[in-house]
Amino acid sequence: QLLQQLVGERRQPRPLSPAALGGFPAPGKSEEQKMVERVMESCGFKAALACVGGLVLGGAFGIFTAGIDTNVGFDPKDPLKTPTAREVLKDMGQRGMSYAKNFAIVGAMFSCTECIIESYRGKSDWKNSVLSGCVTGGAIGFRAGLKAGTLGCAGFAAFSAVIDYYLR
């Protein structure tokens, strides 16, 4: 009789709880927590976050490259004139802003297209980033023509595949 209750036909299924699997029991999520999760998982939020991250990273990268460039601040009309600190800082700021805008646009484009592709496919795997890299690189390169768009697609897709391989 006891054997039938434990392993036989009269055995009742036990409800599965996180504590039974060795985890800690957690309370359910409130509506506010669910709303915040939905916002943070939206494509718009991801694109905006990538845009801000690209802006900061691009600005820092632009200022760094301007700092090690020996031609910053020099006037091509008068190459013997030593640039002032103000002229050097102005050039560094311009280069930093230029890099920041470019990185922000590329980051937002990549993130948004990856999120849209992931939402459409319903899967989160390496193919999403490769397809997104192709779309982003192709869109950027297409301004210079079909050949540049094709090379941009291939280049960004390959770069995305390598990065995804190392980060996953």
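The structure presented is a predicted model; accordingly, all values stated were derived computationally and were not measured.
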Reported CG-to-CG distance for the pair Asp125 and Leu131, which is rounded to 0.5 angstrom: 9.0 Å
Any Val130 side-chain heavy atom under 4.5 Å of Asp164 side chain: no
More than 12 heavy atoms from other groups under 6.0 Å of CZ on Phe64: no
Gln33 atom CD: more than 12 heavy-atom contacts under 6.0 Å: yes
CZ on Phe156 to OG1 on Thr113, rounded to 0.5 Å: 10.0 Å
Presence of salt bridge, Lys34 and Glu31, under 4.0 angstrom: yes
Leu55 and Cys51: CA distance, side-chain angles, deciding distance, side chain to side chain contact (heavy atoms under 4.5 Å, CB included) verdict: CA-CA 6 Å; Leu55 193 75; Cys51 185; 5.7 Å; no
Distance, nearest 0.5 Å, that separates CG of Asn102 from CE of Met97: 11.0 Å
Other residues, nucleotides, ligands: >12 heavy atoms within 6.0 Å of Lys101 NZ: no
Interatomic spacing from CE in Met109 to CD1 in Ile140 - rounded to 0.5 Å: 5.0 Å
Test item: Ser132 side-chain N/O and Ser129 main-chain N/O as donor-acceptor pair under 3.5 Å: no
Side-chain donor/acceptor of Thr65 to backbone N/O of Gly62, under 3.5 Å: yes
Salt-bridge criterion met for Glu114 and Lys46 (N-O under 4.0 Å): no
Side-chain cluster (under 4.5 Å, hydrophobic types only) that Val162 belongs to, other residues: Tyr165, Tyr166
For Ser42 against Val39, the heavy-atom pair lying closest together: OG-O, 2.7 Å
Any donor-acceptor N/O pair, Ser111 side chain to Gly107 backbone, under 3.5 Å: no
Reported CG-to-CD1 distance for the pair Leu89 and Ile63, which is rounded to 0.5 angstrom: 9.5 Å
Donor-acceptor pairs are to be reported for all side-chain atoms of residues 144-153 against protein atoms at under 3.5 Å, with residues two or more places apart or in another chain.
{"unit_1": "Thr150", "atom_1": "OG1", "unit_2": "Leu146", "atom_2": "O", "d": "2.9"}

Rounded distance [0.5 Å steps], OG in Ser119 versus CD in Glu41: 10.0 Å
Atom of Ser160, atom of Gly133 and distance for their closest heavy-atom approach: OG-CA, 3.6 Å
